[in-house]
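Reminder, nothing fancy here: chain letters follow the sequence lines and each chain counts from 1. Treat the numbers as computed from the prediction; the structure is a model and nothing was measured.
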Amino acid sequence: MSLSELPIQPRPLNDEERATYEWQTWVPDFGEEGQERLKGATVLISRVGGLGSVVAYELAAAGVGRMILAHAGDVKASDLNRQLLMTHAQLGKPRIQSAERRLRELNPRLEIVPVAENINEENAARWVGEADLVIDCAPLFEERFLMNREAVRQSKPMVECAMFELQAQITTIIPGETPCLACLFPERPPAWKREFPVFGAVSGTVGCLAAMEAIKLIAGVGESLSGELLTMDLRTMTFRKHRVSRRPGCAVCDT
Amino acid sequence: MKVTIQCFAQLAQAAGASEHTRELNEGATAQDALRAFADSTTEAARALLFTDGGELQPTILLFLDEEPILWAEPAPARDGSSLFVATPIAGG
Ligand SMILES: [Zn+2]
């Protein structure tokens, strides 16, 4: 499915930015215009764990202008196999602080809105409302359903990505056009647990794909995964794209 | 005829492998293939697929030869068909 343009106000580049992003502005259909759109964009990333860390790092490298990052809690040893914005030196300190510090090292021009809590009933409307695009990287279906409801209500596109063990999946939700998360999963799956088997290379793989989806949606290049679910099994390196449909009577997007 | 059931994520883990082939009668549907698989897999995998009342869990996504199908609408399979069964995941 081709992309419908997001209402983003492009921001002109300065010389430092022109030099930093030179090689990616050589990409056909992207150019300096695409870069100006990235600079003008605000992206909300719900949790910067295994998946969201890599999404945020790639988008910071690519020159997205503003990021709202939501993640509660302090850095634990068991975060460090995959949450690449968390460092050993930051053990016991707030995750959001570690994430912010690491992103600034890479891109000091990046405007970061650090939110030291996860997306919840109280804050979802505000942060989704401030973003042009949301990327759902939360480890719990409750948070994912909340983001989905809010993104649909405010007509914000959402890149929906998730992993388990050596498998991962990703799709792009365009409210009103594609199935929403509740079309795919109309109720909370009974068997999902908060802790799950994970290699950083798996969450990182789908994190890079989500960052690429975001860049394409913002810049208006290529074809997105809207209306398609890409599943991957890294145990066998099998990638499959499945067409997905809206669910008539969906409690979130068909009311 | 043979139909391959391809399990994703938690279902693959519960069933012990991602690919399972079942021999079915001519004219069998994707639904028959999934029932046959459920009847001969682990208890944990069966519980991920079906409720105690024998209904398909509403969060399962089914794709027969890459096309999405609905549980309520019998989808004819053919020899060599593959049924991809996705259990929901949320790892972040
Ligand atoms: Zn929906």
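- Heavy-atom contacts from other residues, nucleotides or ligands closer than 6.0 Å to CZ of A/Arg101 number 12 or fewer.
- For residues 51-70 of chain B, every residue pair satisfying the ring-ring contact (aromatic ring centres under 6.0 Å, His included) rule, not counting sequence neighbours, is listed here: A/His242-B/Phe63.
- Residue B/Asp79 qualifies as enclosed at atom CG: its count of foreign heavy atoms under 6.0 Å is above 12.
- Side-chain contact between A/Phe164 and B/Thr87: absent, with no pair of heavy atoms (C-beta onward) separated by less than 4.5 Å.
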Criterion side-chain contact (heavy atoms from CB on, under 4.5 Å) on A/Phe196 and B/Gln10, from CA distance to verdict: CA-CA 10 Å; A/Phe196 45 88; B/Gln10 283 176 302; over 6 Å; no
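- Between A/Asp233 and B/Ser18 the shortest side-chain heavy-atom distance falls below 4.5 Å.
- Of all the heavy atoms in A/Arg243 and B/Pro68, the pair that sits closest is O-CG, 3.3 Å.
- Remark: A/Phe199 CZ is loosely packed, at most 12 non-hydrogen atoms of other residues, nucleotides or ligands lying under 6.0 Å away.
- Between A/Pro190 and B/Thr59, the shortest heavy-atom distance links the atoms CD-OG1, 4.3 Å.
- Within 6.0 Å of CD in B/Glu23 there are more than 12 heavy atoms belonging to other residues, nucleotides or ligands.
- The CD1 atom of B/Ile89 lies 9.0 Å from the OG1 atom of A/Thr231; values are rounded to the nearest 0.5 Å.
- Residues forming a side chain to side chain donor-acceptor pair (under 3.5 Å) with A/Glu121 (at least two apart in sequence, or on another chain): A/Arg149.
- The nearest pair of heavy atoms linking B/Pro58 to A/Arg247 is O-NH2, 3.9 Å.
- Side-chain contact between B/Pro88 and A/Phe141: present, with at least one pair of heavy atoms (C-beta onward) separated by less than 4.5 Å.
- With respect to chain B, the highest number of heavy-atom pairs below 4.5 Å among A/Gly49, A/Cys137, A/Ser53, A/Pro189 belongs to A/Pro189.
- For the pair B/Leu61 and A/Leu229, the minimum side-chain heavy-atom distance is below 4.5 Å.
- Across A/Arg82, A/Arg144, A/Glu160, the residue that shares the most heavy-atom pairs under 4.5 angstrom with chain B is A/Arg144.
- Expressed to the nearest 0.5 Å, how far CZ of A/Arg240 lies from CD of B/Glu66 amounts to 6.0 Å.
- How far CD of A/Gln167 is from SG of B/Cys7: 10.5 Å, rounded to the nearest 0.5 Å.
- From A/Glu165, atom CD reaches atom CZ of B/Phe8 across 10.0 Å, with rounding to the nearest 0.5 Å.
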